[in-house]
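As structure tokens, the structure follows; a few thoughts come after it.
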Amino acid sequence: MQNPSHANFPRASFVRRLGAMIYDLMLALAVYMLVGTLGFGLFTMLVQTGLLPMDGKEHVSDLLNGTPLYSGLYQLWNVSWVACFYAVFWSRGGQTLGMRAWRLKVQHPNGQNLSFLTALARVIWSLLGLGNLRILLDGDKLALQDTLTRSEVVVLSKEANQMRNWHGA
């Protein structure tokens, strides 16, 4: 969805982005814990049904943490859901809840929302938020993930931010 009225807002500074990142970190941790609980429940079910052997371990958690393959898949499961959390919010309306609180929106320069795949690429290129450090060196206030996905994070006016809903405006 394209919103040309959002094409002319100023780009967000490092400090504003950092503020939104702190808010969103709390939500990301909640998502991580929720899907971790679900993943552990699924893993336990696979062990109890006999589909995964205990391999001499006393507790299911010992098996999960002591087996590199299982541990790696479990962490991939958790991180994938957190990445999807960001990608869904960025592709559906350009804002996570933290970004909404700081009146930020991620979009293409013409005001168009990101596709889900572009938003997912943006998650990867953000390098866990470290991509934002590039803003401190870039006069155009573009982070690494902005440049690589041809997107930008803008500061919405109070009016534009209030008029937005989760599905975009």
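Throughout, residue positions are numbered sequentially from 1 according to the sequence presented.
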Would you tabulate the side-chain donor-acceptor contacts of residues 42-59 under 3.5 Å, counting partners in other chains and residues two or more places apart, or write 'none'?
residue: Thr44; atom: OG1; partner: Phe40; partner atom: O; Å: 2.8
residue: Thr49; atom: OG1; partner: Met45; partner atom: O; Å: 3.0
residue: Thr49; atom: OG1; partner: Leu46; partner atom: O; Å: 3.2

With a cut-off of 3.5 Å and sequence neighbours excluded, list every side-chain donor-acceptor pair involving residues 65-73.
residue: Asn65; atom: ND2; partner: Ser61; partner atom: O; Å: 3.2
residue: Thr67; atom: OG1; partner: Leu63; partner atom: O; Å: 2.8

For a quick test of your reading: what N or O donor-acceptor pairs under 3.5 Å do the side chains of residues 78-90 make, sequence neighbours left out?
residue: Asn78; atom: OD1; partner: Gly36; partner atom: N; Å: 3.4
residue: Ser80; atom: OG; partner: Leu76; partner atom: O; Å: 2.7

Under 3.5 Å, sequence neighbours excluded: what are the donor-acceptor pairs made by side chains of residues 23-31?
residue: Asp24; atom: OD1; partner: Thr96; partner atom: OG1; Å: 3.1
residue: Asp24; atom: OD1; partner: Gly98; partner atom: N; Å: 2.8
residue: Asp24; atom: OD2; partner: Thr96; partner atom: OG1; Å: 2.3

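With a 4.5 Å cut-off on side-chain heavy atoms, Val153 and Met99 count as touching.
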Derivation and outcome, side chain to side chain contact (heavy atoms under 4.5 Å, CB included), residues Arg103 and Lys158: CA-CA 7 Å; Arg103 296 191 348 249; Lys158 288 180 184 178; 3.9 Å; yes
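Contact between Leu104 and Ala12 at its shortest, heavy atoms only, is CD2-CB, 3.5 Å.
Residues Val35 and Met33 fall into different hydrophobic clusters, defined by Ile, Leu, Val, Met, Phe, Trp and Tyr side chains chained together at heavy-atom separations under 4.5 Å. In the hydrophobic clustering of this structure, Met21 groups with Leu144; members are Ile, Leu, Val, Met, Phe, Trp, Tyr whose side-chain heavy atoms approach within less than 4.5 Å, directly or through other members. Following chains of ILVMFWY side-chain contacts shorter than 4.5 Å, one cannot reach Leu38 starting from Tyr32, and the two form parts of different hydrophobic clusters. By the criterion of side-chain heavy atoms lying less than 4.5 angstrom apart, applied directly or through intervening Ile, Leu, Val, Met, Phe, Trp or Tyr residues, Phe116 is not grouped with Leu148; the two fall into different hydrophobic clusters. Val154 is not connected to Leu142 by any chain of hydrophobic side-chain contacts under 4.5 Å among Ile, Leu, Val, Met, Phe, Trp and Tyr, and they are in different clusters.
Listed by first and then second residue, the side-chain hydrogen bond (donor to acceptor under 3.5 Å, both in side chains) pairs that reach into residues 115-144 are Arg17-Asn132, Ser115-Thr118, Arg122-Asp146, Arg122-Ser151, Asn132-Gln145, Arg134-Thr147, sequence neighbours excluded.
Side-chain atoms of Arg100 do not come within 3.5 Å of backbone N or O of Gln95 as any donor-acceptor pair. Between the side chain of His108 and the main chain of Arg150, a donor-acceptor pair closer than 3.5 Å is present.
Every residue two or more places apart in sequence or in another chain that forms a side chain to side chain donor-acceptor pair (under 3.5 Å) with Arg11 is listed here: Glu152.
Rounded to the nearest 0.5 angstrom, Asn161 CG and Phe9 CZ are separated by 9.0 Å. Between Phe14 atom CZ and Leu137 atom CG the span is 10.5 Å, to the nearest 0.5 Å.
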